[in-house]
Asks: 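I have a structure here, written as structure tokens, and I will follow up with some questions on it.
This structure is a prediction, so every number in the text was calculated from the model and none was measured. Keep in mind that the numbers below use all heavy atoms, side chains included, and drop hydrogens, waters and symmetry copies.
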Amino acid sequence: MLRPSILKTWERLLHERPIAMNMAQGAGLAAIGDVVAQRIEGSSTVDLRQCAMATAAGAALSGLFVPCFYRALDAAFPGTGLRAVLSKTASDIAVQGCAVNAALLVARGARSLLPAFASASANASASA
């Protein structure tokens, strides 16, 4: 269990440096999530390059994109009434639930295709 002094420091830093702390939290959660995912997929070792990419994406999304996006949602749909909350929720699902997840999946898939593109390019150059 975390000691109260650690929790107070964490809370203070969240207020003093919200972007840095959100980036640190996002990076940590993404790194842990990627390691767990690799283990579930059956990998006996951790692909550090993949983990680093997930960590960077987690830091960027949690520290930069998400806070800016939520501020924009609050500006576009002010208030806490039912209509505002439903509008924010639908926008969040549409953008983060679909577009951000799709972009992350494409990025992960594209990374796995890079060696194939590199070898095909090298073969084309060698035969030319």
Side-chain angles (χ1 to χ4, degrees):
M1 183 136 220
L2 292 176
R3 295 179 6 201
S5 62
I6 294 173
L7 292 176
K8 285 181 182 179
T9 301
W10 193 267
E11 184 177 354
R12 180 180 53 80
L13 288 172
L14 275 171
H15 290 290
E16 291 175 2
R17 293 179 168 67
I19 292 175
M21 292 303 292
N22 283 336
M23 289 180 80
Q25 290 174 160
L29 290 171
I32 291 168
D34 187 70
V35 169
V36 170
Q38 288 186 45
R39 295 292 185 200
I40 289 171
E41 290 173 346
S43 177
S44 60
T45 61
V46 175
D47 180 346
L48 294 178
R49 184 173 177 193
Q50 177 179 319
C51 189
M53 290 177 70
T55 301
L61 288 171
S62 294
L64 302 174
F65 175 76
V66 171
C68 293
F69 179 67
Y70 284 156
R71 276 194 286 278
L73 284 180
D74 284 337
F77 308 107
T80 57
L82 182 61
R83 183 178 179 139
V85 170
L86 289 176
S87 297
K88 291 175 192 180
T89 302
S91 299
D92 184 42
I93 291 169
V95 174
Q96 290 195 87
C98 297
V100 171
N101 283 332
L104 291 173
L105 290 171
V106 167
R108 185 174 183 191
R111 188 190 78 69
S112 67
L113 294 174
L114 287 177
F117 285 130
S119 64
S121 175
N123 289 341
S125 296
S127 63

Asks: Judged by modelled atom types alone, do Gln50 and Asp34 share a side-chain donor-acceptor pair under 3.5 Å?
Replies: yes
Asks: With side chains defined as the heavy atoms from C-beta onward, is the minimum distance between Cys68 and Arg71 less than 4.5 Å?
Replies: yes
Asks: In Å and rounded to the nearest 0.5 Å, what is the CD to CG distance from Glu41 to Asp47?
Replies: 10.0 Å
Asks: Is Val36 isolated, or which residues cluster with it under the ILVMFWY side-chain rule of less than 4.5 Å, directly or via members?
Replies: Ile32, Ile40
Asks: List, by chain and number, the other hydrophobic cluster members for Leu29, where Ile, Leu, Val, Met, Phe, Trp and Tyr join if side-chain heavy atoms come within less than 4.5 Å, directly or indirectly.
Replies: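 Result for Leu29 is none, singleton.
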Asks: Would you list the pairs meeting salt bridge (charged side-chain N to carboxylate O under 4.0 Å, His left out) in which at least one residue belongs to residues 89-103, sequence neighbours left out?
Replies: none
Asks: Testing the basics here: between Gly26 and Ser62, what is the closest heavy-atom pair and its distance to 0.1 Å?
Replies: CA-OG, 3.4 Å
Asks: Return each pair, listed once, that meets salt bridge (charged side-chain N to carboxylate O under 4.0 Å, His left out) where at least one residue sits in residues 21-32; pairs must be two or more places apart or across chains.
Replies: none
Asks: Other than Leu48, which residues form its hydrophobic cluster under the rule that side-chain heavy atoms must be closer than 4.5 Å?
Replies: Val35, Val46
Asks: Would you please name every residue forming a ring-ring contact (aromatic ring centres under 6.0 Å, His included) with Tyr70, sequence neighbours left out?
Replies: none
Asks: For residues Gln96 and Asn101, determine if any side-chain heavy atom of one lies less than 4.5 Å from a side-chain heavy atom of the other.
Replies: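 A side-chain contact is absent here, since even the closest heavy-atom pair is not under 4.5 Å.
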Asks: Show which side-chain atoms of residues 79-90 pair as donor or acceptor with protein atoms under 3.5 Å away, not counting sequence neighbours.
Replies:
| unit_1 | atom_1 | unit_2 | atom_2 | d |
| --- | --- | --- | --- | --- |
| Ser87 | OG | Arg83 | O | 2.8 |
| Lys88 | NZ | Asp74 | OD1 | 2.9 |
| Lys88 | NZ | Phe77 | O | 3.3 |
| Lys88 | NZ | Gly79 | O | 3.0 |
| Thr89 | OG1 | Val85 | O | 2.8 |

Asks: Can you list the residues that meet the side chain to side chain contact (heavy atoms under 4.5 Å, CB included) rule with Thr55, with sequence neighbours excluded?
Replies: Ala27, Ala31, Cys51
Asks: Applying the 4.5 Å side-chain criterion to the ILVMFWY set and letting contacts propagate, would Leu64 and Val66 be lumped into a single cluster?
Replies: no
Asks: List the atom pairs, with distances to 0.1 Å, where a side-chain N or O of residues 14-24 and a protein N or O form a donor-acceptor pair under 3.5 Å, not counting sequence neighbours.
Replies:
| unit_1 | atom_1 | unit_2 | atom_2 | d |
| --- | --- | --- | --- | --- |
| Glu16 | OE1 | Arg12 | NH1 | 3.0 |
| Glu16 | OE2 | Arg12 | NH1 | 3.4 |
| Asn22 | ND2 | Pro18 | O | 3.2 |

Asks: At their closest point, which heavy atom of Ala30 faces which heavy atom of Ala54, and how far apart are they?
Replies: CB-O, 3.3 Å
Asks: Under 4.5 Å between any side-chain heavy atoms of Leu61 and Phe69, yes or no?
Replies: no
